[in-house]
Structure formats: structure tokens, C-alpha cells
Amino acid sequence: MRLSQYPINTAKETPAEAEVLSHQLMLRAGLIRRVAAGLYSWLPIGLRTLRKAEAIIREEMNRAGALELLMPVVQPGELWQESGRWTAYGPELLRFKDRHERDFVAGPTHEEVITDIVRRDIKSYRQLPVNFYQVQTKFRDEIRPRYGVMRAREFIMKDAYSFHTDEASLQQGYRAMHDAYIRIFTRMGLDFRAVRADSGPIGGDVSQEFHVLAASGEDAIAFSDEDGYAANLEAAAALAPKDPRPAPREAMSEVTTPGARTIEELSRMLRVEPSRCVKTLLVDGSDQDVVAFVLRGDHELNAVKAQRLPGVALPLRMAGAERIARATGAETGFIGPVGLRCRIYADHSALALADFVCGANRKDMHLTGVNWERDVAGVTAADIRNVREGDPSPSGRGHLKIARGIEVGHIFQLGRKYSEPLKAAVLDESGKEVTLLMGCYGIGVTRVVAAAIEQNHDERGIIWPEPLAPFQVVLVPLNLQKSARVREVADRLYNELTAQGVEVLYDDRDARPGVKFADAELLGIPHRLVVADRGLDAGRLEYRHRRDSESTEFPADEAVEFIKSRMR
RNA sequence: CGGGGUGUAGCUCAGCCUGGUAGAGCGCUGCGUUUGGGACGCAGAUGCCGGAGGUUCAAAUCCUCUCACCCCGACCA
């Protein structure tokens, strides 16, 4: 593409509306334009990247045996009433009526439609398993769209749905998608993790999320530095310490600690490490009572784990001052497990302490030299804390690292959640009717593009992973308007590379060098080729990868081979 | 939906408190000089000051209502 014929409009200044870097860069580089809250147009250069992401996804879905189809954005309300989601989905589901006053929705997802297709067209177990997928625009009327294309109301999603007669086949189909997703994100050149998602009350290991690692990610994930273990922070198990608890050495004694309400203040006042202190949090119990959680001073309560325990009120709620006073006779900051008469859960690592410090259940008083069993009884051991960087991995290999991630994919075993109400069933070998098992598998295509930028940029702009770059090569001629020699070499290079299938962005604008360099870097094109009189005097051109800090020179007549060797 | 904030040129923003002829930088157009890191000079174009109502001799500025957008909290690819 000749830039002189494409009206790019890059901006030096950061648009005020954009908060995250990928959004800022996408606007500045002219990849997208906002139309309304959560609605974006994709301009030609941005669309090229979007199409590349889609192409990789299609290739890998097809390779995995999935069949592409296309379902409408607008769906009849009836189907949603049938599945029960007409009422269950909430205001995020955009509903409207047509001129005949019939209910319709703008599809946020397509389980209903695909299940409807399958129940009409699939009649026999012999036609199964199948996996249908599409790349389609979705609409979710988010309360608060933000971060540009990362959390838009309208977005493009690849969604796939598999159907099976038995559990083993579902497992197999799920596995195939898992492997396809690994190939997809690997091919896109992204640093990502497949993460165990909290499976919630349903239970079972049936859901995995795919996260692109990026400092600005919305989710915290924990992963092993030695094997493939990765989990949402909420879902990552904290192992009990291996070493046995040391024997008590100190006697328990009371100390005055005026005003020391936090572990930090306490630790400073008594000159004791926070990891030798214990904190006691009280939450509402499912009856009138409270439930106590005891954690090491340097650990944090994990609400998801805590609210799964018997006796805890749902959702998890910290106890109010009144209940605390009734249960302990003290106030927050001075609570401890000694003599506490309520259900007590202690985290494994708190239980591994000996001679620790805790609240005395009296204002401005703490206890030192406290020991389990000797001084505190009736405690239930549990995993109730967030894992921390450096904790041993629950997989048994390596230690945990914590990173932030952007969720770009989710695979899920749905079971009969939709096939049951929508009555999707076939006859099996024995002529018996079986309700189909279903899996669904999503990738946020538009979000992947934003996530790629979030992960790959510097102060000058985007640094595209090559498989997603809108162009592979940016050709920058200097003094093009005056130097016939530069024009001739640059034109020839553009034609030759283009003829060989290389995607070249040819900056033939009448602009100063600084402008061209700055735009090339903002746009993030991986390979830059500079044609200038200075180099041509010696018969040389200049090459620089977007990640390089220095340019390299090479003979001008080997340009095509040179650039192709760099692109491998 | 609750809380906070912003609407002025294509973009980033000043002006508003204390009412009196609409501003800057970037971008855009023309001409000239310049040409290896977002150049310089000269000349220009561009505004329903988000909208409606009110107060006033006079409103971008004060008041009321309204709309849009942004930010902080519960969902999700």
C-alpha cells in the first residue's frame, strides 16, 4: 500500500478518552475510531490486523475438524424464552421489537441458535460428534464499556459449539479445542497461559480460560515456573507447609499494644515479623453467629475459598462491630483465636507457627508466645488464603509466579444446560433417545488485537508480533521528492517485494524523515527498510527490526533476499 | 444503577471563580525555504462554547433542567 494514497491520520497527543495503552495506541495509530460508547469502527490498517487474527483462528479451527457456519446477530426472543435466559440474562441482553411487535435480541452469544439448528438437523448418533463455529459480531450491553476495544459493547468473537452423545466424546472434543487454542495463541506470537477457572458451585474441572500476560491485565493469575500449571488467583490452591510445626518454647503472655490495630503497626511496636503474627477476621455466619478466619499476618484472605466453607454466610460479609463485640468482647484490631467461642478456620500456614503473636480479645492488648493446641483448641485447618509469589506450586513442581492477564479465550463443558430445555436429542445405537452433551469455546477476536498491543509496545508505539502485523515491511524512502535515484530504487523494491507476496507499506508521502520514522514506529510494522542517498552512495540500504535499537546496512542489490531472510 | 468528573476549532486544552467583541499548541490549506528523527517563515480556513429554558442592557462565564462522554464499584470473549 502506498501511503500517499491512504489518508492515515496519526496523532502525537493521547486522546483524553483512552485510559489503557492499547486503546491510546489504537486511536493514535488510526486503527480504530469510536462511534459511540463501546462501539468502534475499524479503519483499514486496523482491519488488516483483525483479519490476520481471524485467519489464524479459522485455520486452526478447521484443522481441529470444526465446521464454520454463520448465525444471525439478531435472534428471536422466543428461543431465549425457551432456554430460560430471557429472564436469566439481565439488562446486558439488548432486547427490542420489530414492526410486528415481536421480541428480538442482539445476540450476546449463540447457544440457543446453534442448539436450535442441531435439534432440527442432527437426528442420529451417527452424525455426532460435531463442532460448529463462527466468527461473528456480538452485542452485550455492558454497564460500563471501557478500555476501547478490550471491553466494548459490540465485539467480534469466534464461538464454537460441540455436540456429543457421551461424556468421553465431550472430553475428547474439549481436549481438541484446548489444543487448538494453544496453537492459535502460539501462532499469534503471544505470551499466554491456559488457566484453570474457578468452576464455581457446579464443580469439576470443566472450564479453562486463556490469558494473554500483560502488566495491565484485569485478572491475577498464578502459574508454576517449572510446569504448565496455571490458575486464577482465586482458584490457585495454597499448599500446607511441609515442615512440622516447631515445639512451643515460650510461655503465653499478655502485652499492651495501644492503638496497634493493624499487623503493620503491631509488628513495628513489638519488633516481630508480620509472618510471626496471626490475624483473625470475623465474618457473618449462616446463623446468628460469626465465623473466624485465622491467617498469618503477611497473608490475605481468599474470599472465594472462604465462602465455600460450612457455616459461612453467602455472600461473604465481614462481621459488623456489634456482632464482633458480642462474640469477642473486643473490637477489630485486637481479636485473636485464644478463648474465642465460635467456629474457627485457621489457614494451614498459620497453623504451622509456634510462639506467635495474636490479639487478646481485649482493647489495646495482644498475646505473645501463643501456641496451637496448648493455648487454642477446636480449630479447623483449611486453605483460606491467596497464594503468593514464591509459594510452592500445587502441581508439585516449581514455585508460583503471579502475573496479570487479559482473558482472550474460554472453553467450557456445558453438559446439558441448553440441550435439555431446548430438547436437543438423538437416538443412540440401541434406539434410545439421549439428550446431547455440549461444549462451548470462545475467543474474543477484537480483544486479542488489543491484548497483543497491551503486551507488545514501547514508548514509541506498537510492536506487532509478526503474525498479526498489518504489514510485514515498511519501506521508508528519504528525500523521495527530489532524488530520482531514491525514487527509482524504492519503487523497484516496492514492486519486487509486493510481487513476491510481501506485504509492504510504502511511505511515499512528501514528509520529513522524522515524521515517517515516527509513524512507522507508532504503527509497529516489524521490518523497516530505509532508502536514502546517503546509503546509496555506497550501494547500501538500511534495515531495522522494530525491536532493534540499531540499524544494519546491507548491499542494495540483495534487498529482496535480505528482507526475506529476516522475515523467517 | 450508585458515587465523582468533563463537555469551548479535527485533536490536546486555556478562558468560567470576578458576565462586556472566541483563544493557544498541534493538525489542516497556499507559497517559499528546508530534508536522517514529529522543521521554519509568511498568508489563510475552521466554532450553534453539548442542548433547552431562565436571570441580565449584555451569558462560554451565573441559575435550572436535560443530553452525551469519561473515571471509581457488581458481569464477561
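Hydrogens, waters and symmetry mates play no part in the numbers below; they use all other heavy atoms, side chains included. Keep in mind the model is a prediction, meaning the values are calculated, not measured.
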Among B:G37, B:C71, B:G36, the nucleotide that comes nearest once only the side chain of A:Pro513 is considered
B:G36

Look at the side chain of A:Glu13 against the base of B:G25 and say whether a donor-acceptor pair falls under 3.5 Å; ignore hydrogens and angles.
yes

Which one, B:A77, B:G36, B:C71, comes nearest to the side chain of A:Glu407?
B:A77

Which listed nucleotide (B:C70, B:C13, B:G38) is nearest to the side chain of A:Ala16?
B:C13

Checking B:G37, B:C13, B:G73 against the side chain of A:Arg528 (C-beta onward), the nearest is B:G37

Can you tell me which nucleotide in B:U35, B:C26, B:C70 comes closest to the side chain of A:Glu17?
B:C70

For a quick check, tell me whether the side chain of A:Asn9 and the base of B:G27 share a donor-acceptor pair closer than 3.5 Å.
no

Reckon A:Ala152 touches a base, only the sugar-phosphate, or nothing at all at heavy-atom distances under 4.0 Å?
base

Which nucleotide in B:A77, B:G36, B:C75 has an atom nearest any side-chain atom of A:Phe155
B:A77

Of the candidates B:C70, B:C72, B:A77, the side chain of A:Arg146 sits closest to B:C72

Using a cut-off of 4.0 Å on non-hydrogen atoms, how would the nucleic acid contact of A:Glu142 be classed: base, sugar-phosphate, or nothing?
base

Could you tell me the separation between the CE atom of A:Met26 and the P atom of B:C11, rounded to a whole number of Å?
19 Å

Mark yes or no: A:Arg95 above the aromatic ring of A:Trp86, with NZ or CZ under 6.0 Å from the six-membered ring centre and no more than 45 degrees from the axis.
yes

Is there, by distance only and without an angle test, a donor paired with an acceptor across the side chain of A:Arg151 and the base of B:C76 below 3.5 Å?
yes

If you only use heavy atoms from C-beta on, which nucleotide in B:A77, B:G38, B:C72 is closest to the side chain of A:Tyr147?
B:C72

